[in-house]
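Only one structure is covered here, and it is reproduced in the block below.
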Amino acid sequence: MLPDSNTKLVRAHSLSRRAAIAQMAIIGAIVLCFTAAIVFFTGYLLKKRLAEEAESISHLAKTSLASAVWQVDHSSARDFIEAVLQNNDVVFAEVVTGKEIMALKTRPRFAGKEFNFFRNKDEYLSSTVEIRKYGDWIGSFNLVVSTAGYRSDLLLYAGGIIGLALLLIAAIFLTSTHFTRKNIFAPLKKLEESAIIIADGDLNGHIDTSAPGELGNLARAIDDMRESVLLLIRDLSDANEKLKNQHEMLETMVRERTEELNSKNASLNEAIEELRNAKREAEVANIAKSSFLASMSHEIRTPMNAILGMADILWETQLTKEQAKYVEVFRTAGENLLEILDDILDLSKIEAGHMELNNRWFSLNECMDKLCSIIQPKAEQRKLELTCNISPEIPDQLKGDPTRLRQILINLLGNAVKFTEKGSINLTVETMQTAHDRLLLQFSVRDTGVGVPGDKLSSIFEAFTQADSSTTRQFGGTGLGLTISRELVQMMGGRIWAESTPGQGSTFHFTAAFDISPSAEVRLITDRDASQDGADLPAANILMFEDSKYNAFVIQTYLKGTPCSLTVCANGRDGIEKFKEGSWDLVLMDIQMPVMDGYQATAAIRQWERESGLKPATIIAMTAYALNEDAERCLEAGADHHLPKPVKKSALFEAIRRLAAEKQA
């Protein structure tokens, strides 16, 4: 019996050791999990508090910086950032307006770092809040908060809790080990044989359940477990049968869902194909629209050339008061029709993405003077006072597109004159932001007219939209001017908005960015203020290709009394023969002609000049196609310059003067 007793003792001791290890592992795992939960929860609270601080600062910036950014108050913005950096956790704060930084401050160790440096890094919390005024975005506030303090507090707190957890694990382990060895493992030897019976697989064997107390309960539990296992085996058999049936049902369901998915996929493919067809149709429609607009431009501008040309000629003749009134009527009507046509073409170019800015150096004062000289007669006709104020700190020489700038201001000032019965109209130009070589200006047009209701202020910038449907009947207009102005302003790096009180007037603001020169030595391209009678024109032998006798008569009348001589050919082929016969200083080339069009005629002239070794003559293309692509096509064919129809007398004379100056140079 001794060997058997020793064997039992070894087994008991082995189980005791395993139980002790298990107790150690379980107690350690539970205590450490609880400790980790406390540490993580503490870290969450600390980080949440830090995030709430950052959110509170951002919310304060949203409400506190609106006025400072709107008024471009750098001092207030810097004071706010100084106050924010009193919080030791804040390492970076800046106020950004547009593309410029209004105020910025960082901790010394982060000097020179930008906001993007801190983003998406665990060491920092970054946030951006939009600053708005009257619902419009005017700037942003960027904030970066360091998590270093939060991490330090968390590590200190975690170290203390882990130390206490280890002491707790040791105390619980020693107590539980002593108790189990004394009260469990010694009596457990008596249940070993019963456990071996079950371990050997004899589920029908008898188990002694007469032991008292917990061990008796354990024996009875083992016996109950034996019976439960028998029942479980039977239940598993039944469950296996049910699982097989469920598997077959699941396969049927998958099959049905697959068929349904295939059906939906086929429907989706059909929808995609319909979308592709719709896209192709839209592209064809867009091409047709562009072709229609180009054709419409040509068909309208061709007779308009004769109408406006004859109107200008008649206006310069001796007329009675009544005749002058008649001429003024159809002259104004023709110019209005041409403005409508230009608006439609501009909108088409903007929608097609073909609108481009022609940036060059220009004089702001000269641009404003000429603008006011255009609007002043209209304002005087309605007995309105027109004033123009430019801030003295704005440099006169800017780089941008003066033509498009003038177009925007003419739209706004023209609307102000149109909708103002009495009072005044004021144009102001102020500085918004200044960088080393970049300047942001704000233009404001204020009137005392009928005003615009508040619910219409946003919609008036949409195409073909006016504040009231009766506006078109009362004042006229297509509703395209503000739409085109908005798109041009955005292309110039700015924005446009309006403020108005019905019955008291409106103020339209827009901003635009321009380049400025660090030195005053820039070459300005200005319009020449030459005489309109042509007396100062150089003597030039001019050959004109033009199939319309009315348009030819207009040009002949323009040049009458000038040192220039004009010869007209009705088609491209006759014009080429005439060109080969003489020496010509200038060729005016119409593009749309019978027999041979202007593109072919220009190319033929250039080829003949190259073959003959002659110096190229100056060719000015005159076409009723007014799109940029048409001008580029004329230049690609060999023309030197392009004049869109209707050709103004001043534009023709200026072109002749400029070509004479270039030839002399």
Side-chain angles (χ1 to χ4, degrees), residues 65 68-78 81 92-106 110-117 128 130-131 133 136-142 350 353 355-371 388-409 412 427-445 485-497 509-527:
L65 287 174
V69 174
W70 180 256
Q71 298 173 2
V72 197
D73 189 348
H74 291 79
S75 177
S76 297
R78 287 193 294 270
I81 288 182
F92 179 95
E94 69 174 352
V95 179
V96 179
T97 58
K99 298 181 180 179
E100 304 296 334
I101 297 176
M102 184 174 179
L104 167 67
K105 186 170 183 181
T106 64
F110 298 111
K113 302 296 183 183
E114 297 182 355
F115 180 66
N116 288 334
F117 171 79
T128 298
E130 293 185 350
I131 302 172
K133 187 74 172 181
D136 291 330
W137 179 92
I138 59 174
S140 299
F141 174 72
N142 297 326
I350 289 172
M355 179 69 77
E356 296 180 355
L357 297 179
N358 181 21
N359 290 325
R360 59 183 176 85
W361 290 104
F362 70 97
S363 168
L364 179 63
N365 290 325
E366 181 181 348
C367 181
M368 294 297 101
D369 289 343
K370 292 185 178 180
L371 171 68
C388 178
N389 300 309
I390 302 177
S391 181
E393 71 269 12
I394 300 176
D396 180 55
Q397 299 174 7
L398 304 176
K399 187 175 184 181
D401 191 334
T403 302
R404 295 303 179 186
L405 175 62
R406 188 160 50 239
Q407 180 179 356
I408 298 169
L409 290 172
L412 297 182
L427 168 63
T428 60
V429 187
E430 300 174 331
T431 303
M432 289 290 291
Q433 289 181 1
T434 305
H436 179 259
D437 56 354
R438 195 74 169 163
L439 179 66
L440 183 67
L441 299 182
Q442 177 172 320
F443 298 80
S444 301
V445 177
S485 297
R486 180 190 61 185
E487 299 297 332
L488 292 176
V489 166
Q490 292 176 354
M491 292 176 65
M492 297 170 75
R495 64 187 184 98
I496 187 170
W497 71 98
H509 308 274
F510 74 90
T511 59
F514 300 92
D515 291 334
I516 56 178
S517 175
S519 64
E521 297 180 1
V522 295
R523 179 176 177 267
L524 297 182
I525 300 177
T526 60
D527 298 326

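Every value quoted in this text rests on a predicted model; they were computed, and no experiment measured them.
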Could you please spell out the steps behind the side-chain contact (heavy atoms from CB on, under 4.5 Å) verdict for Q407 and T403? CA-CA 6 Å; Q407 180 179 356; T403 302; 5.7 Å; no
State whether a side-chain donor-acceptor pair under 3.5 Å links T428 with N389. no
Just verifying a value: how many Å separate [X] [atom1] and [Y] [atom2], rounded to the nearest 0.5 Å?
{"X": "I101", "Y": "F115", "atom1": "CD1", "atom2": "CZ", "value": "11.5 Å"}
{"X": "L357", "Y": "M491", "atom1": "CG", "atom2": "CE", "value": "4.0 Å"}
{"X": "C367", "Y": "L409", "atom1": "SG", "atom2": "CG", "value": "7.0 Å"}
{"X": "F117", "Y": "F92", "atom1": "CZ", "atom2": "CZ", "value": "11.0 Å"}
{"X": "R78", "Y": "D73", "atom1": "CZ", "atom2": "CG", "value": "8.5 Å"}
{"X": "I390", "Y": "N365", "atom1": "CD1", "atom2": "CG", "value": "4.5 Å"}

If you count heavy atoms of other groups shown closer than 6.0 angstrom to CD of E114, is the number above 12? no
Could you report the tightest heavy-atom contact between [X] and [Y], atom names first, then the distance?
{"X": "T128", "Y": "S140", "answer": "CG2-CB, 4.1 Å"}
{"X": "M102", "Y": "H74", "answer": "O-CD2, 3.3 Å"}
{"X": "F443", "Y": "A512", "answer": "CE1-CB, 4.4 Å"}
{"X": "P395", "Y": "I516", "answer": "CG-CG2, 3.9 Å"}
{"X": "A77", "Y": "A103", "answer": "CB-CB, 3.8 Å"}
{"X": "E430", "Y": "S391", "answer": "CA-CB, 4.2 Å"}

For the residue pair I81 and L104, establish whether any side-chain heavy-atom pair is separated by less than 4.5 Å. no
With a 4.5 Å limit on heavy-atom distance, are the side chains of T431 and L441 in contact? yes
[X] side-chain N/O to [Y] backbone N/O, donor-acceptor pair under 3.5 Å:
{"X": "T511", "Y": "R495", "value": "yes"}
{"X": "Q433", "Y": "T97", "value": "yes"}
{"X": "W70", "Y": "V72", "value": "no"}

Applying side-chain contact (heavy atoms from CB on, under 4.5 Å), run through N359 and D515 and close with a yes or a no. CA-CA 9 Å; N359 290 325; D515 291 334; over 6 Å; no
Here's a test for you: under side-chain contact (heavy atoms from CB on, under 4.5 Å), which of L405, D401, I496, I408 qualifies with L488? I408
Can you check side-chain contact (heavy atoms from CB on, under 4.5 Å) on F514 and L364, steps first, answer last? CA-CA 11 Å; F514 300 92; L364 179 63; over 6 Å; no
For S485, check side-chain hydrogen bond (donor to acceptor under 3.5 Å, both in side chains) against everything at least two apart and list the hits. N411
Apply side-chain contact (heavy atoms from CB on, under 4.5 Å) to residues V489 and M492 and explain how you reach the verdict. CA-CA 5 Å; V489 166; M492 297 170 75; 5.7 Å; no
What pairs with E130 under salt bridge (Lys or Arg N to Asp or Glu O under 4.0 Å), at least two apart in sequence or on another chain? R132
